[in-house]
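Nothing fancy with the numbering, it's 1 onward along the sequence.
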Amino acid sequence: MKKIIVCVAIVVVIVSCNKTTDAKDFKTAYIDTNKLLEESTEAKDLKAKYEDIAGEKDSRLKVEVDKLEAEKNAFQANAQKNGQAWAQQKYGELQQREQQLQYAQQSVIQQLQGQHGAEMDTLVTKYKKVFKEYGKDKGYDYVFGTGESANVLYAKDQYDVTKDLIKLVNDKYKSEAKKEEKPAVKMVEAKK
């Protein structure tokens, strides 16, 4: 039985070797995915959006941190005047508020990272569809990606289509933005 399986496997390998296509028949390209995400307008806008949100939330928390620091300074100045019992109670309250602020900061960071990650995943999925369309339209047999999870060990620069894809995704993003702006204008005109 084992001999039959081995013989069949050998026949399959021989037949498949006879049907191989010459490598010159393949048209390939690669995309530097890190560069694409650094230079695409939509990815830049997404990054800026979350930097703005983080800055706004950070400034709100900074106000609370500053209040707490002022209370700590006042506590140190008043600790001896008001006695040990008061100092212990007030110190406990200050520690509790400090912990609450730390938890709030961690919560904000986690929330923003989760939201940003989800939107980036959506963007990557969108770009994968663009890559597929691009590959079909240009007649490529393979389009490889380089970057953090690089799966190309070598490629000639002539096969790098990253600039084309950056332009393509930026143009699509701009056209989508224009489509979204038009209905808003109509709604404003309708309200008048």
Any chance you could measure Lys57, atom NZ, to Ile109, atom CD1, to the nearest 0.5 Å?
12.0 Å
Can you tell me how far apart CG (Leu165) and CD1 (Ile31) are? Round to the nearest 0.5 Å.
4.0 Å
Look only at the side chain of Thr162 and the backbone of Asp32, and say whether a donor-acceptor pair between them is shorter than 3.5 Å.
yes
Determine, using the 4.5 Å side-chain heavy-atom cutoff (strictly less than), whether Tyr142 and Tyr134 are members of one ILVMFWY cluster.
no
What class does the angle between the rings of Phe131 and Tyr127 fall in, given that below 30° is parallel, 30 to 60° is tilted and above 60° is perpendicular?
tilted
Taking all heavy atoms of Val169 and all of Ser40, pick out the closest pair and write down the distance.
CG2-CB, 3.8 Å
Is Val108 reachable from Leu68 through a run of I, L, V, M, F, W or Y residues, each pair having side-chain heavy atoms under 4.5 Å apart?
yes
What's the verdict on side-chain contact (heavy atoms from CB on, under 4.5 Å) for Lys126 and Lys172, showing C-alpha distance, side-chain angles and the deciding distance?
CA-CA 11 Å; Lys126 179 180 175 180; Lys172 282 187 174 229; 5.8 Å; no
Considering only heavy atoms from C-beta outward, does the side chain of Leu37 approach that of Met120 to under 4.5 Å?
yes
Donor-acceptor pair, Lys27 side chain versus Lys138 backbone, under 3.5 Å?
yes
Is there side-chain contact between Lys128 and Lys132, with at least one heavy-atom pair below 4.5 Å?
no
In terms of hydrophobic clustering (I, L, V, M, F, W, Y; side-chain heavy atoms under 4.5 Å; direct or indirect links), are Tyr173 and Val124 co-clustered?
no
Is the His116 ring parallel, tilted or perpendicular to the Tyr50 ring (thresholds 30°, 60°)?
perpendicular
Hey, is CD on Gln158 packed in by over 12 heavy atoms from elsewhere, all under 6.0 Å?
yes
Between Lys167 and Asp171, is there a side-chain N and carboxylate O pair less than 4.0 Å apart?
yes
Using modelled atom types and a 3.5 Å cut-off, is there a donor and acceptor pairing between side-chain atoms of Thr28 and backbone atoms of Val143?
no
Verify salt bridge (charged side-chain N to carboxylate O under 4.0 Å, His left out) between Lys49 and Asp45, making sure each step is shown before the conclusion.
CA-CA 6 Å; Lys49 170 185 169 183; Asp45 287 351; over 6 Å; no
Provide the closest heavy-atom pair for Lys35 versus Ile166 in the form atom of the first, atom of the second, distance.
O-CD1, 4.1 Å
From Lys72 NZ over to Lys90 NZ, what is the distance, rounded to the nearest 0.5 angstrom?
12.5 Å
Show the nearest heavy-atom pair for residues Gly145 and Thr33, with the distance to one decimal.
CA-CG2, 4.3 Å
Spatial distance of atom CG (Leu101) from atom CD (Gln96) [nearest 0.5 Å]
11.0 Å
Glu64 vs Lys67, test: salt bridge (charged side-chain N to carboxylate O under 4.0 Å, His left out). Steps then yes/no.
CA-CA 5 Å; Glu64 294 298 318; Lys67 283 182 187 177; 3.7 Å; yes
Euclidean distance, Lys44 NZ relative to Glu51 CD, rounded to 0.5 Å:
12.0 Å
Kindly work out whether a path of hydrophobic side-chain contacts (I/L/V/M/F/W/Y, heavy atoms less than 4.5 Å apart) joins Val65 to Tyr91.
yes
Salt bridge (charged side-chain N to carboxylate O under 4.0 Å, His left out) between Arg60 and Glu56: does it pass, once the steps are laid out?
CA-CA 6 Å; Arg60 289 183 197 163; Glu56 179 184 320; 2.4 Å; yes
Under 3.5 Å donor-acceptor, Asn78 side chain and Ala74 backbone:
yes
Roughly how far, to the nearest 0.5 Å, is CG of Asn34 from OG1 of Thr146?
7.0 Å
How far apart are the C-alpha atoms of Arg97 and Glu71, what are their side-chain angles, what is the distance that settles it, and do they pass the side-chain contact (heavy atoms from CB on, under 4.5 Å) test?
CA-CA 11 Å; Arg97 284 194 41 223; Glu71 285 186 42; 2.7 Å; yes
Can you name the closest pair of heavy atoms from Leu46 and Glu119 and give their distance?
CD1-OE1, 2.9 Å
May I ask you to say whether Lys179 pairs ionically with Glu176, meaning some side-chain N is under 4.0 Å from a carboxylate O?
no
Residue pair Tyr103 / Gln99, side-chain donor-acceptor N/O under 3.5 Å
no
Closest non-hydrogen contact found for Ala29 with Tyr140 is CB-CE2, 3.5 Å
